[in-house]
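Data first, discussion second: the structure below is written as structure tokens.
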Amino acid sequence: MTERRNQPAIRAEGLTKKYGDRHALAGVDLEAAPGTVLGVLGPNGAGKTTAVRILSTLLRPDGGEAWVAGHDVRKDPESVRKNLGLSGQYAAVDEKLTGRENLYLVARLYGMGRHSARRRAGQLLESFHLEEAADRASGTYSGGMRRRLDLAGALVARPVVVVLDEPTTGLDPRGRADTWRSIQELVAGGTTVLLTTQYLEEADQLADTIVVIEHGRVVARGTASELKGRVGGERLSLTVPDPSSRSTAADILAGLGPHLPVLDRRTGRLTVTTEHGARTLEDALGRLRLAGIRVRDVELAPPTLDDVFMSLTGQPDPARGQVAQPVGAVGGGEVPR
Ligand SMILES: Nc1ncnc2c1ncn2[C@@H]1O[C@H](COP(=O)(O)OP(=O)(O)OP(=O)(O)O)[C@@H](O)[C@H]1O
Ligand SMILES: [Mg+2]
């Protein structure tokens with residue numbers, strides 16, 4: 001292997017890229033140790049695909065440097081490509097060819113002989129659970145099957161670094177779980193994975209380290225638990241089924257501490273940050289009962305990556321598109337940190 005021990009499998013320093021006068025990347029640093037998953041998390045337009053394209057030598061940065069498996073993306077793109085497997089944001093499969101033919105073709109393009117190419121295609125079809133569909137045109141595949149075929153294509157040459165741009169966007173829960181499992185198996189075998197995602201849950205499940213980017217800048221980095229720890233406190237949440245009681249309930253929760261509750265108007269779910277966990281919970285339930293407000297599904301939980309995202313960007317999880325808005329009913333006007 002060309003990869004040396006102790007040196008990051010992926011490293012980028014100060015990457016910048018402008019389109020016209022818009023900064024797609026405004027100085028991004030990334031680092032992934034060998035055999036780990038680096039999650040790059042960010043909303044639409046954050047710069048994820050731009051970073052992926054630079055690392056996979058499809059795009060030259062305006063500034064900054066990057067290395068993949070120890071090779072400079074600018075000075076030695078050939079070696080980078082030899083060590084890297086890419087699965088782009090939109091699955092790139094030839095619809096007229098079968099799944100098996102697609103993989104065989106990729107293997108041949110990587111210079112494998114006919115026999116090895118056939119064997120490698122067979123192995124990958126098996127590990128991505130595509131055997132049954134292997135011999136029909138991939139144009140007939142579901143979105144999830146295409147995605148898995150594309151992912152398999154990225155692994156044909158057994159790259160030491162794999163870059164996956166939103167590998168599960170558009171997949172159903174089953175397809176997502178299958179993909180997660182494939183990624184975990186890959187990493188267990190020593191591969192380094194950079195994956196971009198809009199799903200906080202995905203980064204939480206898979207990534208050893210997470211970099212949150214927004215408008216081409218890194219707004220946070222760390223492990224999932226470090227990021228959650230930063231938000232501090234716990235989350236008290238409960239559902240108020242009766243819409244006419246929700247604003248009173250929000251006022252009551254706002255009166256319990258310095259944080260304003262957030263109401264999801266669609267579901268009636270109220271969430272508030274608290275530093276005094278169980279005591280706040282008791283207080284809240286007592287006051288709500290006195291006010292004659294019925295509640296359901298009461299929960300006290302540590303912060304999630306959703307809360308992290310909220311606190312960093314002032315927006316709820318971009319992938320969910322839910323209308324969680326701070327309720328500006330009472331008190332000092334502080335949006336949950
Ligand atoms: N070829 C291009 N020409 C002009 N602007 C571009 C081009 N590619 C990307 N951009 C802009 O650069 C910014 C970053 O885009 P990028 O595709 O990297 O975001 P992303 O994080 O991958 O978003 P998404 O989640 O939607 O895939 C966006 O503002 C986008 O409009
Ligand atoms: Mg993208």
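For ligands, and for the atoms within them, numbers begin at 1 and follow the listed sequence.
- Those atoms of ligand 1 that come under 4.0 Å of a heavy atom in Glu166, given as number and element, are 24 (P), 25 (O), 27 (O).
- Lys17 does not count as a contact of ligand 1, since none of its heavy atoms falls under 4.0 Å from the ligand.
- Between the choices Arg53, His23, Arg22, the shortest heavy-atom distance to atom 31 (O) of ligand 1 belongs to Arg22.
- When distances from atom 14 (C) of ligand 1 to the protein are checked, a heavy atom turns up under 4.0 Å.
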Trace of the side chain to side chain donor-acceptor pair (under 3.5 Å) decision for Arg235 with Thr271: CA-CA 6 Å; Arg235 299 291 170 282; Thr271 304; over 6 Å; no
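- With Ser138 contributing its side chain and Asp94 its backbone, the two residues share a donor-acceptor pair below 3.5 Å.
- Considering only heavy atoms from C-beta on, Val93 stays 4.5 Å or farther from Tyr141 through its side chain.
- Applying the side-chain contact (heavy atoms from CB on, under 4.5 Å) test between Leu194 and each of Val162, Val52, Leu164 identifies Val52 as the sole match.
- Under the 3.5 Å distance criterion, the side-chain polar atoms of Ser87 are left unmatched by any main-chain donor or acceptor of Ala154.
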CA sep, side-chain torsions, deciding dist, call: Asp283, His276, side-chain contact (heavy atoms from CB on, under 4.5 Å): CA-CA 10 Å; Asp283 271 5; His276 309 287; over 6 Å; no
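- Remark: side-chain polar atoms of Thr196 are paired, donor with acceptor, to backbone N or O of Glu166 under 3.5 angstrom.
- Atoms of ligand 1 found under 4.0 Å from any heavy atom of Thr49 (numbered from 1 in listed order, with element): 17 (O), 18 (O), 20 (P), 22 (O), 27 (O).
- Close N/O approach between Gly47 and ligand 1 is found [any backbone or side-chain N/O within under 3.5 Å].
- In this structure, Arg246 contributes its side chain and Pro241 its backbone to a donor-acceptor pair below 3.5 Å.
- Remark: minimum distance from atom 1 (N) of ligand 1 to any protein heavy atom is reached at Tyr19 CE2, 3.6 Å.
- In summary, the atoms of ligand 1 found under 4.0 Å from a heavy atom of Ala46, numbered by their order in the structure, are 19 (O), 20 (P), 21 (O).
- Nearest non-hydrogen protein atom to atom 25 (O) of ligand 1 is Lys48 NZ, 2.7 Å.
- The closest non-hydrogen atom to atom 12 (O) of ligand 1, taken over Gly42, Ala24, Gly20, comes from Ala24.
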Arg176 and Tyr199: CA distance, side-chain angles, deciding distance, side chain to side chain donor-acceptor pair (under 3.5 Å) verdict: CA-CA 11 Å; Arg176 180 163 299 163; Tyr199 301 107; 3.3 Å; yes
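- Using a cut-off of 2.8 Å, one finds that Asn44 contributes no N/O/S atom close to the Mg ion (ligand 2).
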Verdict with reasoning, Gln123 to Arg120, per side chain to side chain donor-acceptor pair (under 3.5 Å): CA-CA 5 Å; Gln123 281 169 351; Arg120 186 70 181 136; 2.9 Å; yes
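- For ligand 1, the polar-atom distance check finds an N/O of Gly45 within less than 3.5 Å of one of the ligand's N/O atoms.
- Under 4.0 Å from ligand 1, the heavy atoms of Pro43 that appear belong solely to its backbone.
- Ligand 1 places these atoms under 4.0 Å from at least one heavy atom of Thr50: 14 (C), 15 (O), 16 (P), 18 (O).
- Taking every non-hydrogen atom of Gln198 and a distance limit under 4.0 Å, the qualifying atoms of ligand 1 come out as 25 (O).
- The single protein non-hydrogen atom nearest to atom 24 (P) of ligand 1 is Asn44 ND2, 3.6 Å, given as residue, atom name and distance.
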